[in-house]
Amino acid sequence: MSALQPVRGTHDLIGEDQRRHRHVIDTARRIVWSYGFDEWTTPIFEDTRVFSRSLGETSDVVMKEMYTFTDRSGESITLRPEATAGICRALVSNGLTQSLPQKVFYAGPMFRYERPQKGRGRQFHQVDIEAIGSAEPISDAEVIACGWNVLRALGVDRLTVLEVNTLGDRPSRDAYRAALVAYFTAHRDTLSEDSLQRLERNPLRILDSKDERDRRVVADAPTIAPFLTPEAARFYDDLRRLLDRFGVPFRENPRIVRGLDYYGHTAFEFVTEALGAQGTVMGGGRYDGLVEEMGGPPTPAVGWAAGVERLAMLLDAPPPEPAPIAVVPVGEAAEPAAIAAVQALRQAGLRAEMAYRGNLRRRMERANRIGARAAVILGDAELATGVAQVKDFSTGEQTEVPIAELASRLA
RNA sequence: GCGGGCGUAGCUCAGGUGGUAGAGCGCCAGGUUGUGGUCCUGGAUGCCGUGGGUUCGAGUCCCAUCGCUCGCCCCA
């Protein structure tokens, strides 16, 4: 009981857990491929500045959640808390700002130092797409449609709702922020302590506070709509129109706020009631300033990230594994023939294992335990005739199959 | 960083008011060394999370501590 345990907030993925996890990633990869995205893999740790600069110095991620350490050469290194910053860094590092647009798919582990909860770990996994170099609202709509199709392919779309909002462009947001600060300052004596802090750092986040006191104040708070510039308003109109055109159902939620500073215009979340406090299963938006932060030219971009663990928990059941074939040699003389047979099955693309321990009863037991759909029995009699006994485990029936035809007959 | 719940076999969990630890599932062996799944018989498994206290005696009561879990904050 006091043996070594995984580090707090990390988990082993074994058996069904692993199958669910892999199914989420495989499905996302397949759907996203059909939209023209290419997979990238970047390092799981980066120069700390990649994140501190891009996520915003006042974001919670940077202030208290990063796994940051100094390596042996004295460099400050951070385990990535999210994928987008690293992708933008890679875009710039590889000179790909010269060949836009880039449509990137990403799958891998992320790290955040937090108290673990349902659907939240210190190491967790995301799938992620980024359409970099696309400024038109049609790319936002297409990115969202792509995410929605991933959820549909996973069969979890009926458990989730898409909520969209606009954060406007820079002038819209500055004007709105000023109005919010004025409004909340006037009501500061009724705000929660947390929200008084937010008023200093990021007043937008008061909007999605769960505190009772805050919610009453928020109910009458101004919305961004009257502060949108004509350009920002039209962008949002276009987005909603195009979502309809793509056939993606959504509802507007003016309280959606992104936690990271680099977002503007489109913000969206696919949320669910099924995961307790962690309702967001996929979230994203537009981040036109980020590539520039990384030292590249001004570059528009839009994307989303989805939590693999959270999606895996929403899955009904992991997809079934194809059942293997068990090859069962009887007696030492049968070993070479059994090895040849099992290799032939594998060459034919089948999943096949040998059961070679114990008496025949043990071997058949083993064959059953690995979930085999059939057992190929090879003993002295079979070697003499060149015909194997093949037992179908679902029916219990046993038939004779020439050894040379095993692969084709069992395919 | 702050709150609630829970720690007994590999897993799921029983163990009124203190008397030296149980079930089901799983595992191992045999019934059957040329036939699995079903069935029968037998077996192993535990520093009862850890440390301390009360007591003749603690899984049970008290204190502390660690871990897990759910929630707040924030997010995928």
Side-chain angles (χ1 to χ4, degrees), chain A residues 1-9 11 15 24 28 55 58-65 81-84 106-128 147 160 192-195 197-198 201-202 205 208-212 214 256-260 269-272 275-284 303-314 326 328-331 334 355 357-382 389-398:
Chain A
M1 262 341 207
S2 61
L4 289 174
Q5 295 294 310
V7 171
R8 184 181 187 79
H11 297 282
V24 170
L55 304 185
T58 65
S59 70
D60 275 38
V61 170
V62 171
M63 288 196 304
K64 59 182 195 188
E65 293 176 359
E82 55 107 41
T84 309
Y106 202 97
M110 309 294 159
F111 306 85
R112 257 120 96 158
Y113 189 86
E114 304 185 272
R115 288 292 296 269
Q117 286 175 51
K118 186 181 184 66
R120 160 180 301 174
R122 288 183 176 179
Q123 175 175 338
F124 61 105
H125 299 78
Q126 288 184 335
V127 289
D128 197 289
T160 63
S192 69
E193 286 177 25
D194 282 337
S195 285
Q197 301 263 312
R198 294 183 182 109
R201 288 203 299 264
N202 190 343
R205 266 188 256 154
D208 69 351
S209 170
K210 289 172 186 168
D211 190 290
E212 248 328 294
D214 293 339
I256 290 187
V257 172
R258 304 274 72 198
L260 307 178
E269 294 182 356
F270 286 88
V271 297
T272 180
L275 292 180
Q278 276 63 243
T280 305
V281 104
M282 176 184 285
W304 50 250
V308 175
E309 284 82 358
R310 290 181 186 181
L311 289 172
M313 284 189 287
L314 291 182
V328 182
V330 183
R357 178 178 299 166
N359 60 36
L360 183 56
R361 176 184 146 90
R362 286 275 162 265
R363 295 175 189 211
M364 293 300 280
E365 202 173 282
R366 167 77 185 161
N368 186 61
R369 190 176 320 188
I370 65 174
R373 64 181 212 256
V376 173
I377 300 165
L378 291 170
D380 293 340
E382 288 75 21
Q389 295 289 327
V390 175
K391 177 152 188 168
D392 183 317
F393 277 135
S394 59
T395 63
E397 280 171 23
Q398 195 158 302

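The figures here come from the full heavy-atom set of this structure, side chains too, leaving out hydrogens, waters and symmetry mates. Lettering follows sequence order; numbering is per chain, from 1.
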Trainee: Using atom C1' in both nucleotides, what's the gap between rU65(B) and rC74(B) to the nearest angstrom?
Mentor: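 Per the computed distance, 29 Å lies between those C1' atoms.
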Trainee: Mind checking what makes side chain to side chain donor-acceptor pair (under 3.5 Å) contact with Thr395(A), not counting sequence neighbours?
Mentor: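 Residues passing side chain to side chain donor-acceptor pair (under 3.5 Å) with Thr395(A): none at all.
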Trainee: What does Met110(A) touch in the nucleic acid at a heavy-atom separation under 4.0 angstrom: a base, only the sugar-phosphate, or nothing?
Mentor: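 The residue Met110(A) makes no contact with any strand.
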Trainee: Dot-bracket notation for RNA chain B is requested: 5' to 3', Watson-Crick or G-U wobble pairs only, both distances under 3.5 Å, with ( ), [ ], | and . as defined.
Mentor: (((((((..((((.....[..)))).(((((.......))))).....(((((..]....))))))))))))....
Trainee: Check every strand shown and say whether Gly119(A) touches a base, only sugar-phosphate, or nothing at a heavy-atom separation below 4.0 Å.
Mentor: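 Answer is base: heavy atoms of Gly119(A) come under 4.0 Å of a base.
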Trainee: Indicate, with a heavy-atom threshold strictly under 4.0 Å, whether Gly147(A) touches base, sugar-phosphate, or nothing.
Mentor: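 Touches nothing.
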Trainee: Rounded to whole angstrom units, what separation is found between the CD atom of Gln117(A) and the C1' atom of rG4(B)?
Mentor: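 Value for this atom pair: 12 Å.
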Trainee: Spell out yes or no: do the side chain of Arg120(A) and the base of rC74(B) have one donor N/O and one acceptor N/O closer than 3.5 Å?
Mentor: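 Answer yes: a donor N or O sits under 3.5 Å from an acceptor.
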Trainee: Calculate the interatomic distance between Arg122(A) atom CZ and rA76(B) atom P; express it in whole Å.
Mentor: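 Arg122(A) atom CZ is separated from rA76(B) atom P by 18 Å.
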Trainee: If the P atom of rG43(B) is compared with that of rG22(B), how far apart are they to the nearest Å?
Mentor: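 The same atom, P, in both gives a distance of 14 Å.
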Trainee: Between the protein and nucleotides 64-68 of chain B, list every N/O to N/O distance that falls short of 3.5 Å.
Mentor:
{"unit_1": "rC68(B)", "atom_1": "OP2", "unit_2": "Arg8(A)", "atom_2": "NH1", "d": "2.1"}

Trainee: Roughly how many Å is it from CZ in Phe124(A) to C1' in rC74(B), rounded to a whole number?
Mentor: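 Taking CZ of Phe124(A) and C1' of rC74(B), I get 11 Å after rounding.
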Trainee: Enumerate the side-chain hydrogen bond (donor to acceptor under 3.5 Å, both in side chains) contacts for residues 363-373 of chain A, please, sequence neighbours excluded, ordered by first and then second residue.
Mentor: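 Residue pairs passing side-chain hydrogen bond (donor to acceptor under 3.5 Å, both in side chains), neighbours aside: Arg362(A)-Glu365(A).
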Trainee: Could I get the full list of side chain to side chain contact (heavy atoms under 4.5 Å, CB included) partners for Glu382(A), not counting sequence neighbours?
Mentor: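 Expected list: Leu378(A), Gln389(A).
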Trainee: Rounded to whole angstroms, how far apart are CD on Glu114(A) and P on rC74(B)?
Mentor: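 Taking CD of Glu114(A) and P of rC74(B), I get 11 Å after rounding.
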Trainee: Strictly by salt bridge (Lys or Arg N to Asp or Glu O under 4.0 Å), give each pair with a member in residues 304-313 of chain A just once, sequence neighbours left out.
Mentor: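 Matches after skipping sequence neighbours: none remain.
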Trainee: Taking atom C1' in both rG26(B) and rU69(B), what distance in whole Å separates the two?
Mentor: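 It works out to 25 Å between them.
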Trainee: Sugar-phosphate atoms are those with a prime plus P, OP1 and OP2; base atoms are the rest. Using that split, label each nucleotide of nucleotides 32-41 of chain B B, S or - for protein heavy atoms under 4.0 Å, 5' to 3'.
Mentor: BSBBBS----
Trainee: Under the side chain to side chain contact (heavy atoms under 4.5 Å, CB included) rule, collect the residues that match up with Val330(A), sequence neighbours excluded.
Mentor: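 Here the qualifying residues are Leu360(A), Ile377(A).
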Trainee: Got a sec, which residues hit side chain to side chain contact (heavy atoms under 4.5 Å, CB included) with Asp380(A), two or more places apart in sequence or on another chain?
Mentor: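 Asp380(A) satisfies side chain to side chain contact (heavy atoms under 4.5 Å, CB included) with Ala333(A) only.
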Trainee: Tell me every residue that passes side chain to side chain contact (heavy atoms under 4.5 Å, CB included) with Pro109(A), counting only those two or more places apart in sequence or in another chain.
Mentor: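 Scan of Pro109(A) (side chain to side chain contact (heavy atoms under 4.5 Å, CB included), adjacent residues dropped) gives Ile44(A), Arg80(A), Phe111(A), Gln123(A), His125(A).
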